[in-house]
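Okay, so here's the structure we're looking at.
In what follows, every chain begins at residue 1, and chains take the letters A, B, ... in the order their sequences are listed.
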Protein chains: 2
Amino acid sequence: MKIGELAKRTGCRVVTVRYYEKEGLLAKPERTEGNYRLYGQDDLERLEFIMHCREHGMKPAEIRELLLFRDNPRRDCTWVSDLISAHIADVDERIASLKHLREHLEQLRGRCGGEQSGEVCGIIRSLDDRTCCASCGRHEISQQL
Amino acid sequence: MKIGELAKRTGCRVVTVRYYEKEGLLAKPERTEGNYRLYGQDDLERLEFIMHCREHGMKPAEIRELLLFRDNPRRDCTWVSDLISAHIADVDERIASLKHLREHLEQLRGRCGGEQSGEVCGIIRSLDDRTCCASCGRHEISQQL
DNA sequence: GGTAATGTCTATAGTTACTATAGGGTCAAG
DNA sequence: CTTGACCCTATAGTAACTATAGACATTACC
């Protein structure tokens, strides 16, 4: 099949397929006379695997490791299970962090005095003061909370 | 104070301060004879505000809006409260999505047959098959789950 | 006063995991 | 034989910074 069909069948975008090839997650496929990529069942399955990993929130580095194992399965797969566990721990941490953040936001929202208060909105005033965050050890500042 | 002290006192990196200036979140400060940036109390407070917003997981676009309000407070601050509410809803969604993901990962981990099974690790086999994700409407695939 | 360390300056490129664009070639249908 | 859908490569753009290179300013120490 050509790249378009592969993309449609996996839910991956065409450009992303090519990107994965460049990154080495997918092998360089055969080409037609007209230089079109030609994929087979194996490629389809490999990409399905990759997409499934992505659906589980894994990063390309993790996916790459899992693919290595898939290409060359060894008896001892303890580390596969460990990798998943580490990933779960990571997810747990993000959940905890978001829950904490949520509480803070809730508090913050409660500070708004409403229109009638005459003063500057309490939310804005609260944002001037960081002691609330300092007191709880300060939130992790990350670009992808 | 010079940029280094401002950075230290706010917990923001020096480069990030300059970045915020370029992005218009911070005003262009005075300069010394030697062309060093010079900041005052106002700048410090403004950056504290920004950092506090960041600690609350807000994106620069949201921060920019809040700064506009802070610069020019109006009587009606309903939308400030609305902005926070929208942000909370966003956080809630991310929490829900992560919890769902977590369950899937837990299931996945349970598929490992252990070393003695002789077969290819059940986790790897499970990742070949995406029906589990298809059945739950499929996880959102995003780069920043 | 000399010099070494530190702090600051600008401009540009790199990061992740893609996505978008430009400019062109290939193929099947009407 | 041309229209449109698909495909190709290469390059640049995205967010929100971070890192690097190469140069000037200031401070500390002897």
Inset, instruction - Would you please name every residue forming a side chain to side chain contact (heavy atoms under 4.5 Å, CB included) with Glu65(A), sequence neighbours left out? - result: Trp79(A), Leu83(A)
Inset, instruction - Could you state the atom-to-atom distance from OH of Tyr19(A) to C1' of dG13(D) in whole Å? - result: 14 Å
Legend entry - Partner set under side chain to side chain contact (heavy atoms under 4.5 Å, CB included) for Gln107(A), not counting sequence neighbours: none
Legend entry - Nearest-angstrom distance from the residue atom OH of Tyr39(B) to P of dG7(C): 16 Å
Inset, instruction - At under 4.0 Å between heavy atoms, which parts of nucleotides 2-12 of chain D does protein reach? Answer with one letter per nucleotide, 5' to 3': B base, S sugar-phosphate only, - none. - result: ----BSSB---
Legend entry - Minimum-distance nucleotide (side-chain atoms of Thr16(B) versus dT19(C), dA17(C), dC17(D)): dC17(D)
Legend entry - Most 5' of Pro60(B) and Glu33(B) on DNA chain D, judged by nearest nucleotide: Pro60(B)
Legend entry - Of Thr32(A) and Ala61(A), the one whose closest DNA chain C nucleotide lies more 5': Ala61(A)
Legend entry - Any side-chain heavy-atom pair of Asp43(B) and Leu47(B) under 4.5 Å: no
Inset, instruction - Give the rounded distance in Å between these two atoms: CZ of Arg13(A) and P of dA17(C). - result: 17 Å
Inset, instruction - Please state how far atom CE in Met1(B) lies from atom P in dG7(C), giving the value in whole angstrom units. - result: 17 Å
Legend entry - Residue list, side-chain hydrogen bond (donor to acceptor under 3.5 Å, both in side chains) with Glu5(B), at least two apart or on another chain: Arg9(B)
Inset, instruction - Would you mind checking if Asp42(B) and Arg46(B) are paired as a salt bridge, meaning a charged N to carboxylate O distance below 4.0 Å? - result: no
Legend entry - Rounded (10°) bend between the five-pair end axes of the helix from dG1(C)-dC30(D) to dG30(C)-dC1(D): 20°
Inset, instruction - Let me know the distance between CE of Met58(A) and C1' of dA17(C), rounded to the nearest Å. - result: 16 Å
Inset, instruction - Under the side chain to side chain contact (heavy atoms under 4.5 Å, CB included) rule, collect the residues that match up with Asp128(B), sequence neighbours excluded. - result: Phe49(A), Arg70(A)
Inset, instruction - Could you tell me which residues satisfy side-chain hydrogen bond (donor to acceptor under 3.5 Å, both in side chains) with Arg37(A), sequence neighbours excluded, listed by chain and number? - result: Glu21(A)
Legend entry - Between P of dA15(D) and CD of Glu62(B), the distance in whole Å: 14 Å
Legend entry - Under 4.0 angstrom between Tyr20(B) side-chain N/O and dA16(D) OP1 or OP2: no
Inset, instruction - Under the side-chain hydrogen bond (donor to acceptor under 3.5 Å, both in side chains) rule, collect the residues that match up with Arg109(A), sequence neighbours excluded. - result: Glu106(A), Ser85(B)
Inset, instruction - Take the protein atom CD of Glu23(A) and the nucleotide atom C1' of dT16(C), then report the distance between them rounded to whole Å. - result: 10 Å
Inset, instruction - Please name all residues satisfying side chain to side chain contact (heavy atoms under 4.5 Å, CB included) with Tyr19(B), sequence neighbours left out, ordered by chain then number. - result: Glu23(B)
Legend entry - Rounded distance (Å) that lies between atom C1' of dC18(C) and atom CZ of Arg54(A): 8 Å
